[in-house]
Amino acid sequence: MKPSLVKGTRDFGPEQMSKRLFIFDTIRATFKRFGFLPLETPAMENLSTLTGKYGDEGDQLLFKILNSGDFAASIAPEVLATGSKAVLPKIAEKGLRYDLTVPFARYVVMNRHALALPFKRYQMQPVWRADRPQKGRYREFYQCDADVVGTDSLLCEAEIVLMVHEVMRNLGIQNFALKVNNRKILTGIAEAIGAPGMEGALAVAIDKLDKIGQEKVLDELRDRGFAESAITALLPMFTMQGTTEEVLNKLKSWLTQSETAQKGIAELEETLRLVAQYGLENPQIELDVTLARGLSYYTGAIFEVKALGVSIGSISGGGRYDNLTSAFGTSERLSGVGISFGVDRIYDVMEELSLFPADAGQGTTVLLVPFDAEGRSVALPLLNALRRAGVSAEMYPDLAKVKKMLDYANAKRIPYVVLIGSEEVQTGQLAVKNMLTGEQQKMTAEAVISFVQG
RNA sequence: GUGAUUGUAGCUCAGUUGGUUAGAGCGUCGGAUUGUGGUUCCGAAGGUCGCGGGUUCGAGCCCCGUCUUUCACCCCA
């Protein structure tokens, strides 16, 4: 039998892992710096927790887990006869998490009594979606989320803007755009054109504007049941260009009659004002009225980060959600806002643009190469001392040929080797070789430690 | 879920209108070299041609099914 991987999943070898860890470490450092605390939740959730939070499409993409044991035994024949759709909830009551936000909301509701609000948590775990894999799209991928729940303050939105900038710059992704919008503006537009409550369909269609163009967007809206009058009323939407300030002003005058839209515009303005007060240098924020995002739980600000110059979808996304916790039965209204970084897409972007620092894949710094048992007796205390000094060091476990050990050093890209033969043992002067330049010099064991550290 | 596409050695790929024993480069292992690698030379190992069925005297090649890869749509990180 040939072993194989489950569709849409990957192994990560040592080289990939050290690059991935660089991404995780960078993001984690920023999250901690902003005062977020770690949280982990199970891979599986009850399907009742997951369904209905992501829209119809999202429900479709949930991985479901068969009940344990003889899961089909208790299904009554008459249920079976009603079709597969009716059987499904009887045999699968659990599913793999689809994102980190919904499990977080579930956690908040369950632990409400013990949490000091506002509660800020970060979470870096895999999520699963039963999508067809393609470029930048996997069935198992990691998200790094930071969310604040229990406050309406727009300062949180502003902090997200700051975190995005910090993460991108620390990763070395200089060329990015942080797109922002507000769901209330979309809701207001739907109201203004006489199609209240249809902002979902509206959002999905106009989200494609830069991809398929104005005419096809309008065609799609007709398909989705928008009246011709609504489509005509929507036309000013396509003139929303210019600076952020100009667009906001145009929106304000276009949507004067919609209270919701005005609120959304005011929120956006306030968020941008706060960001400016922070003194964020060279903000890469872009107001995009067509930005919608499919997840149905967003109610306020929405964010999306796009790496420029690569054809990979958004590498980060987030927004504010007002009703997620109430979906779990709390009477208390808890508003949350958060951001999610997609590690796998960030990896693809950084790989494509060669942005990983040279030492991101660096493992062992020094390999000790004793020629015989006597050399090994000198090498062992040095090995111990190197490690105590914080240097990643190892020794080839067999007393093999020198060629073999140096080949090993090359294969692992170990930059330094210390050669210890009878001559070195007698003089105490060890031969340190730089494997990149081929240069070799002699020094004492103590000197080796500071040499390889510098 | 819709439409394409891919699969031959560990990796990247050749393989003619269907014809006898399926090849190359790289990598791996061994040697040239018992104290020096990444260069060179010599040698070796490594294949159910994704899987199942069919057509044929004969299938890596043609047909059907299936799985997988990649890509677009939908949607999304």
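Just so you know, these numbers come straight off a predicted model, no measurement behind them.
- Under a 4.0 Å N-O distance rule, the pair A/Asp219/A/Lys216 does not qualify as a salt bridge.
- A salt bridge between A/Glu423 and A/Lys442 is present, with a side-chain N of the basic residue lying under 4.0 Å from a carboxylate O of the acidic one.
- Note: A/Phe451 and A/Tyr416 have perpendicular aromatic rings, judged against thresholds of 30 and 60 degrees for the angle between ring planes.
- Nucleotides B/A45 and B/G50 place their C1' atoms 24 Å apart, quoted to the nearest Å.
- Counting any heavy atom pair closer than 4.0 Å across all strands shown, A/Gly136 reaches a base atom.
- Comparing B/A59 with B/G15, their C1' atoms are spaced 14 Å from each other, to the whole Å.
- Using the six-membered ring where Trp is involved, A/Phe356 and A/Phe22 have ring planes that are perpendicular, over 60° apart on the 30 and 60° scheme.
- At a threshold of 4.0 angstrom between heavy atoms, the contacts of A/Tyr138 include nucleobase atoms, whether or not backbone atoms are also involved.
- Note: A/Phe176 and A/His165 have perpendicular aromatic rings, judged against thresholds of 30 and 60 degrees for the angle between ring planes.
- Using a 4.0 Å heavy-atom cutoff across all strands shown, A/Lys401 reaches sugar-phosphate atoms only and no base atom.
- Among the heavy atoms of the strands, none lies under 4.0 Å from A/Ile346.
- The aromatic ring of A/Phe371 does not sit over the base of B/G35; the criterion of centres under 5.5 Å apart with planes under 30° is not met.
- Separation of the P atoms belonging to B/C67 and B/G1 is 10 Å when rounded to the nearest angstrom.
- B/U28 and B/C73 have their P atoms separated by 40 Å, given to the nearest Å.
- Separation of the P atoms belonging to B/C71 and B/G38 is 37 Å when rounded to the nearest angstrom.
- As rounded to whole Å, 12 Å separates atom C1' of B/C73 from atom NZ of A/Lys216.
- Using a 30° and 60° split on the angle between ring planes, A/Phe341 and A/Phe31 fall in the tilted class, from 30° to 60°.
- Using a 4.0 Å heavy-atom distance criterion, A/Ser4 is classed as making no nucleic acid contact.
- Look at the C1' atom in both B/A14 and B/G31: the space between them is 30 Å, to the nearest Å.
- Among the protein residues, A/Glu140 comes within range of no part of the nucleic acid, since none of its heavy atoms lies under 4.0 Å from any strand.
- Among the heavy atoms of the strands, none lies under 4.0 Å from A/Gln60.
- Residue-level contact check: A/Gly421 touches the bases, meaning some heavy atom is under 4.0 Å from a base atom.
- A/Glu199 has no carboxylate O lying under 4.0 Å from a charged side-chain N of A/Arg183, or vice versa, which leaves the two without a salt bridge.
- Between the CG atom of A/Asp407 and the P atom of B/C29 there is a distance of 8 Å, rounded to whole Å.
- Between A/Ile27 atom CD1 and B/A77 atom C1' there is a gap of 11 Å when expressed in whole angstrom units.
- At a cut-off of 3.5 Å, with distance as the only test, a side-chain donor of A/Gln123 or A/Thr41 sits close to an acceptor on the other residue.
- For B/U36, its base sits under 3.5 Å from the side chain of A/Lys433 at one donor and acceptor pair at least.
- Among the atoms of the strands shown, only primed sugar atoms or phosphate atoms (P, OP1, OP2) are found under 4.0 Å from some heavy atom of A/Gly8.
- Within 4.0 Å of A/Arg224, counting heavy atoms only, lie sugar-phosphate atoms of the nucleic acid but no base atom.
- In this entry the distance linking NZ of A/Lys404 with C1' of B/U28 reads 11 Å, nearest Å.
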5'-to-3' dot-bracket of RNA chain B (Watson-Crick, G-U; under 3.5 angstrom; crossing pairs as [ ]; | other strand): ((((..(..((((.....[...)))).(((((.......))))).....(((((..]....))))))..))))....
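- Protein atom CG of A/Leu399 is 16 Å distant from nucleotide atom P of B/U34, rounded to whole Å.
- Comparing atom distances between the A/Arg132 side chain and each of B/C75, B/A77, B/G1 picks out B/G1 as nearest.
- Here the C1' atom of nucleotide B/A77 and the CD atom of A/Glu351 are 18 Å apart, to the nearest Å.
- To the nearest angstrom, C1' of B/A32 lies 11 Å from NZ of A/Lys403.
- Comparing A/Asn410 and A/Lys208 by the nucleotide of RNA chain B that holds the closest heavy atom to each, the one mapping nearer the 5' end is A/Asn410.
- No side-chain N or O of A/Asn181 forms a donor-acceptor pair with one of A/Tyr298 less than 3.5 Å apart.
- Residue contacts for A/Ser314: at a heavy-atom cut-off of 4.0 Å it reaches the sugar-phosphate backbone alone, with no base atom in range.
- In this structure, the CD atom of A/Gln125 is 17 Å from the P atom of B/A77, given to the nearest Å.
- Between the A/Asn182 side chain and the A/Lys184 main chain, a donor and an acceptor come within less than 3.5 Å of each other.
- The separation of B/G53 from B/C61, taken at their P atoms, amounts to 14 Å, rounded to a whole angstrom.
- Note on A/Lys7: a side-chain N or O is less than 4.0 Å away from OP1 or OP2 of B/U68.
- Atom P of B/C49 sits at a distance of 24 Å from the matching atom of B/A44, rounded to the whole Å.
- Checking the phosphate oxygens (OP1, OP2) of B/A72, a side-chain nitrogen or oxygen of A/Gln134 falls inside 4.0 Å.
- Within the 4.0 angstrom heavy-atom criterion, only backbone atoms of the sugar-phosphate kind lie near A/Ile315; the bases stay farther away.
- Residue contacts for A/Gln440: at a heavy-atom cut-off of 4.0 Å it reaches a base atom on one of the strands shown.
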